Every structure is written in structure tokens, then in C-alpha cells.
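Here the structure comes first, spelled out in C-alpha cells, and everything after it is commentary.
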Amino acid sequence: FRAAAGARLWSRANAMRAGPVSAGGRILLADPGRHRSTAVAIRTGATLWTVNSRLTARAANPAGDTFYLSNVAGLRAVRAATGTVRWSVPKANGALAADGRRVYLAAAARVTAYDALTGHAEWARALAGPGRPIRAGGLLYTVTKDGGLAILAPATGKPVAAAGGYTGLTDHVVVAGGALYVTRGWSLRAYRP
């Protein structure tokens, strides 16, 4: 749909989004009846490439040339233009964030940062049930399973700020307009540095 007026741009039967991200004007679609994924142009819906595999795009790099996928097969970097795999890390499955230099994976009891070009692990930080990582404002944020907030340095994974005042959080944070927005139960709170 066109954002300004709500007019439909295109439609595709037997298709659903295969993840919440886009890359360079492309989105991934899954065919629920088949084991297949298709990349389409956002503006036209035209098919760009198809693979006989069920892909889930969990992040994309800011340049828009790479989708990052994470599922039971592991973590993979896939070229957004062609669908070819650039690199993969077996058994690495979880929520993702990407900033162009690193891909951050939150799973089980840690956050791990991988080099965005090679897939090599750069650092890992033990955390109690980290949720979806958010990379914004020069920092990496993740809510933990006990409702706390971890604030880490993206390059090293070291804690950079005491986050003790944030408790009872129930969803990932949002950083926008110089403010940190958190959800606590049924309330939304905003904090300024």
C-alpha cells in the first residue's frame, strides 16, 4: 500500500512476509504451502529471485545489500540482490540486529557479535535470557528475561552504563529523537540521557 494515500500498489496470492525487514528496496516472502522463499521489489512486487528453502529475514545491513537470516539451520548472511549465501554460522539461532560492521545475535544466555563481512565471532557477553537486540545511538541494548536492561558497547560487548533503574521491562527498547522508550507492563515510558 502507498503510505500517503493507502492505495494498493500490488498484491500476491499465497504469500506472507518472511521477516520484519527490508534490504535495498526488497522484502522476502514465504509461500505457506511450499518450502520456498521469494525476494520481491517493494514498490512493484516483481519477483527478483526465488530459492527452494524457507528463509526468515530477521535483520538487514544499513547499506541494504544483505539480509541476515536466523533459524534452526543457523545464522546466514544472504545477498539481497541474488539470494546467494555470503557466510553462515551453524547452530546460531536467535533475535538479530545489524549495524553494517557487526551482526548481533541474542540467544539462550548470551549476546554474540559477528563480523558483518566474514561471520567470524568478535565477542560474546553472558546475559540472563537476552531479548531482541537493538543497535541505536552508539550503543547496543537488550532487555533480559528478568525485565532488566543491558546496555553494551557494540565493539566490545562490555557494559557501558548502569541500567539498574530499568526494571520490569516487557519488550525491546526503542531509541528515537534522543530518547529511550521502554515498555513496562501496560505503560510506555520515555527517558532522556
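Keep in mind that this is a model prediction, so the values were computed, not measured.
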> Are T38 and R12 close enough that some pair of their side-chain heavy atoms sits under 4.5 Å apart?
Replying inline: yes
> Are V89 and V103 in one and the same hydrophobic cluster, where Ile, Leu, Val, Met, Phe, Trp and Tyr link if side-chain heavy atoms are under 4.5 Å apart?
Replying inline: yes
> What pairs of residues pass the salt bridge (Lys or Arg N to Asp or Glu O under 4.0 Å) test when at least one of them lies in residues 28-41, not counting sequence neighbours?
Replying inline: D31-R34, D31-R36
Atom pairs and distances, side-chain donor-acceptor, residues 138-155, under 3.5 Å, sequence neighbours left out:
residue : atom : partner : partner atom : Å
T142    : OG1  : G131    : N            : 3.1
T142    : OG1  : G131    : O            : 2.8
T144    : OG1  : D146    : OD1          : 2.4
T144    : OG1  : G148    : N            : 3.3
T144    : OG1  : G148    : O            : 3.4
D146    : OD1  : G148    : N            : 3.1

> Any chain of hydrophobic side-chain contacts (each under 4.5 Å) joining L180 to I134?
Replying inline: yes
> Among all residues two or more places apart in sequence or in another chain, which pass the side-chain contact (heavy atoms from CB on, under 4.5 Å) test with T56?
Replying inline: R58
> Taking all non-hydrogen atoms of both residues, which atom of S88 and which atom of R76 are closest, and how far apart?
Replying inline: CB-CG, 3.6 Å
>> Restricting to non-hydrogen atoms, name the atom on A57 and the atom on P20 that form the minimum distance, rounded to 0.1 Å.
In response: O-CD, 3.2 Å
> If you round to the nearest 0.5 Å, how far is CZ of R43 from CZ of R2?
Replying inline: 8.0 Å
> With sequence neighbours excluded, what pairs up with T170 under the side-chain contact (heavy atoms from CB on, under 4.5 Å) test?
Replying inline: T183
> Can you name the side-chain hydrogen bond (donor to acceptor under 3.5 Å, both in side chains) partners of R125, sequence neighbours left out?
Replying inline: none
>> List the residues meeting side-chain hydrogen bond (donor to acceptor under 3.5 Å, both in side chains) with N71, not counting sequence neighbours, and say none if there are none.
In response: none
> What are the two closest non-hydrogen atoms of P133 and A106, and how far apart are they?
Replying inline: CD-CB, 3.8 Å
> Hey, is the main chain of A116 close enough, under 3.5 Å, to the side chain of W87 for a donor-acceptor pair?
Replying inline: yes
>> According to side-chain contact (heavy atoms from CB on, under 4.5 Å), who are the partners of A18, at least two apart in sequence or on a separate chain?
In response: L28, A30
> With the 4.5 Å side-chain cut-off for hydrophobic clustering, are Y114 and L96 part of the same group?
Replying inline: yes
> Can you name the nearest heavy-atom pair linking N93 to S70, along with the distance?
Replying inline: OD1-OG, 3.0 Å
> Can you name the side-chain hydrogen bond (donor to acceptor under 3.5 Å, both in side chains) partners of R110, sequence neighbours left out?
Replying inline: T112
>> Would a single hydrophobic cluster contain both W49 and V21, if residues Ile, Leu, Val, Met, Phe, Trp and Tyr are joined by side-chain heavy-atom contacts under 4.5 Å?
In response: yes
> Where is the tightest heavy-atom contact between R102 and A113, given as atom of each residue plus distance?
Replying inline: CD-CB, 4.1 Å
> Who passes side-chain contact (heavy atoms from CB on, under 4.5 Å) against S37, sequence neighbours left out?
Replying inline: V51, L55
> Is there a donor-acceptor contact under 3.5 Å from the side chain of T44 to the main chain of A46?
Replying inline: yes
> Once you round to the nearest 0.5 Å, how far does CG of L169 lie from CZ of R184?
Replying inline: 7.0 Å
> Does the side chain of R17 come under 3.5 Å of the side chain of S22 through a donor N or O and an acceptor N or O?
Replying inline: no
>> Test of understanding: with salt bridge (Lys or Arg N to Asp or Glu O under 4.0 Å), list the residues that count as partners of R8, not counting sequence neighbours.
In response: none
> Does some side-chain heavy atom of Y181 sit less than 4.5 Å from a side-chain heavy atom of V173?
Replying inline: no
> Taking the six-membered ring for Trp, are the ring centroids of Y191 and Y166 within less than 6.0 Å of each other?
Replying inline: yes
> Taking only residues two or more places apart in sequence or in another chain, which ones pass side-chain hydrogen bond (donor to acceptor under 3.5 Å, both in side chains) with D99?
Replying inline: Y104, R135
> Mind checking who shares a hydrophobic cluster with L9, ILVMFWY linked at side-chain heavy-atom distances under 4.5 Å?
Replying inline: W10, I27, L29, V40, I42
>> Quick one, H172 with V174, criterion side chain to side chain contact (heavy atoms under 4.5 Å, CB included). Give me CA distance, side-chain angles, the key distance, then yes/no.
In response: CA-CA 7 Å; H172 67 84; V174 173; 4.0 Å; yes
> Distance from K91 atom NZ to L75 atom CG, nearest 0.5 Å?
Replying inline: 14.5 Å
>> Using the rule that Ile, Leu, Val, Met, Phe, Trp and Tyr join whenever any side-chain heavy atoms are under 4.5 Å apart, tell me whether L127 and W123 fall into a single cluster.
In response: yes
> What heavy-atom pair brings A107 and G94 nearest, and what distance separates the two atoms?
Replying inline: CB-CA, 4.3 Å
> Can you tell me how far the CZ atom of R101 sits from the CG atom of N61, to the nearest 0.5 Å?
Replying inline: 13.5 Å
